[in-house]
Protein chains: 2
Amino acid sequence: MRSAAEGVGARPVDERRRTDLDRTARARIRDAAVARFGVDGFASTSVRAVAADAGVSAALVIHHFGSKDGLRAACDAHVLETIREGKLATMAGGAGLDTLAALRRLDDAAPVLRYLARVLVEPSPRVAALVDELVEDAVGYSAEGERTGLLRPSRDPRARAAVMIVWSLGALVLHEHVARLLGADLLDGADGIAAYSLPAAELLGEGVLTPAALAQVTALYERLGHAPGRAPSAPAAAPTGPGGEGAPPIPDETR
Amino acid sequence: MRSAAEGVGARPVDERRRTDLDRTARARIRDAAVARFGVDGFASTSVRAVAADAGVSAALVIHHFGSKDGLRAACDAHVLETIREGKLATMAGGAGLDTLAALRRLDDAAPVLRYLARVLVEPSPRVAALVDELVEDAVGYSAEGERTGLLRPSRDPRARAAVMIVWSLGALVLHEHVARLLGADLLDGADGIAAYSLPAAELLGEGVLTPAALAQVTALYERLGHAPGRAPSAPAAAPTGPGGEGAPPIPDETR
DNA sequence: ACGGGCACTGAACGTACGTTTAGATTACTG
DNA sequence: CAGTAATCTAAACGTACGTTCAGTGCCCGT
């Protein structure tokens, strides 16, 4: 009893041909679930709430998706496919500055991005694979950008791409803080994004650290735990592999 | 039946004086809750699971904290206070590069940071206030860095500080992806952090965009939605205020 | 010594959840 | 047009949850 579709018996089943397997109520349920999961999270969303949003019974949700976890898997697949579809034109405008720029141009981008922001924080092989793809793409764009003179060369292009993707996605995950701090709604269309993109571009263009500070920080972090000539970044495939490296006794004071 | 403290009747109540109000079982429950909430999330963690981890009964949790939400509030307060305590020495080493460097030097930093990474993604006035404080601190450090010649000047220092804080916290929230992509565990001590900090320092030092690309991106984002002379960033105090700015009809094509 | 208060427990209560079941209605096939 | 499969529902089931309750033992002031 939430939105429209009050008449449960008189369902508008023939708004599309039902020969299309992935339309009608099934798609309605899936979309409602994506929206709900994105706003409230998976654990805090009940099957009944999704069903009510979709205008169907809770039993039908189970009938179509087997279980609540099946529904989650379907949402994952749908959202990730949607993102992969829109990924093509990515980075065309911002040259690697905005990972999901193409996505936001879609009409109903907000629920998809909100869902993505949710699933990014909890472990999921599917999401990890998508992030790895984004990094791989960014590596490619980065190489091309270097060739065309838009991007500077890097000591470790893959690591640089990974950090930029993490920053981009991190800003998406923290979109509520971005909106409060800068007035930029990263889930919405290109409206207020400039308030985030302009300082980000300044950071990514001019940098913040002066050469002296950069040398200082680099020397600091190269001294501990990371030999300069060592393999600079993982091949973006291992599940959790090289992280940790045991626990060598580190000095207490780093300064 | 999980870890130690199997003997429920024989509780080690006098490991500290119980005249200390905020020690003994109450602190054990709170710490167990911080750890559990950080790993599994609030909604997916049962009061009984927290009680079992702390070696007490579920009823005692309610007795001490009133309700599960009261327990959450106590965890919020404790974690945020811990972070505020360690915040002093922040940015001493990395010059604004690493927001929570001081925190990680603590012995049991991982649960606190994991909890913070969880609560950062869901709306909370308390967490928002903390983030606002971090930005405010960063503004101060940034001004000081400019004076001492470590940091470059900015067209909008507060916006730049906000973006850097968002990136730092975003990397923390996505620590699992950072670990997989770069092999750097941001929750742990200074061990593998270099694998993240080195490319981050390169980005923040030299930048990625060439001057031509920076001018291009800046011009693009200045054209839409953001007049150059306008108030550059919110005063970092309004709860959700200036974000959105209504809904002016934006042009469909942004390129 | 003793009585009040506090920490703490096992058991129970009410509820909301995911899921199952049986049946109704609809759509398609021969 | 009969039969069958698919779609969909209301109701019920079992469980796990947050919380309440009544009671037990221990500590501390007098």
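Values below: every heavy atom of this structure, side chains too, minus hydrogens, waters and symmetry copies. Owing to the predicted nature of the structure, the values given are computational and were not obtained by experimental measurement. Residue numbering restarts at 1 for every chain, and letters A, B, ... go by the order of the sequence lines.
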For B:Leu80, enumerate each residue passing the side chain to side chain contact (heavy atoms under 4.5 Å, CB included) test, keeping only those at least two apart in sequence or located in another chain. B:Arg84, B:Arg126, B:Leu130
Nucleotide N/O to protein N/O under 3.5 Å, stretch nucleotides 18-20 of chain D:
unit_1	atom_1	unit_2	atom_2	d
D:dG18	OP1	B:Val47	N	3.4
D:dG18	OP1	B:Lys68	NZ	2.9
D:dG18	OP2	B:Val47	N	2.8
D:dG18	N7	B:Arg48	NH1	2.8
D:dG18	O6	B:Arg48	NH2	3.0
D:dT19	OP2	B:Lys68	N	2.6
D:dT19	O4	B:Arg48	NH2	3.4

Hey, is the main chain of B:Ile62 close enough, under 3.5 Å, to the side chain of B:Lys68 for a donor-acceptor pair? no
Applying side chain to side chain contact (heavy atoms under 4.5 Å, CB included), name anything that partners B:Ala43, two or more places apart in sequence or on another chain. A:Ala43, A:Ser44
In chain order, what residues pass the side chain to side chain contact (heavy atoms under 4.5 Å, CB included) check against B:Ala35, with sequence neighbours excluded? none
Between D:dC17 (P) and B:Asp40 (CG): distance, integer Å: 12 Å
Once you round it to whole Å, what is the distance between P of C:dC17 and CZ of A:Arg72? 17 Å
Whole angstroms only, please: what is the CG-C1' distance between B:Leu71 and D:dC17? 15 Å
Whole-Å gap separating C1' (C:dA11) and CG (B:Leu60): 16 Å
Short side-chain N/O contact from A:His64 to OP1 or OP2 of D:dC8, under 4.0 Å: yes
Contacts of B:Phe65 that satisfy ring pair (Phe, Tyr, Trp, His ring centres under 6.0 Å) - sequence neighbours left out: none
Once ring pair (Phe, Tyr, Trp, His ring centres under 6.0 Å) is applied, do any residues pair with A:Tyr115, and if so which ones, sequence neighbours excluded? none
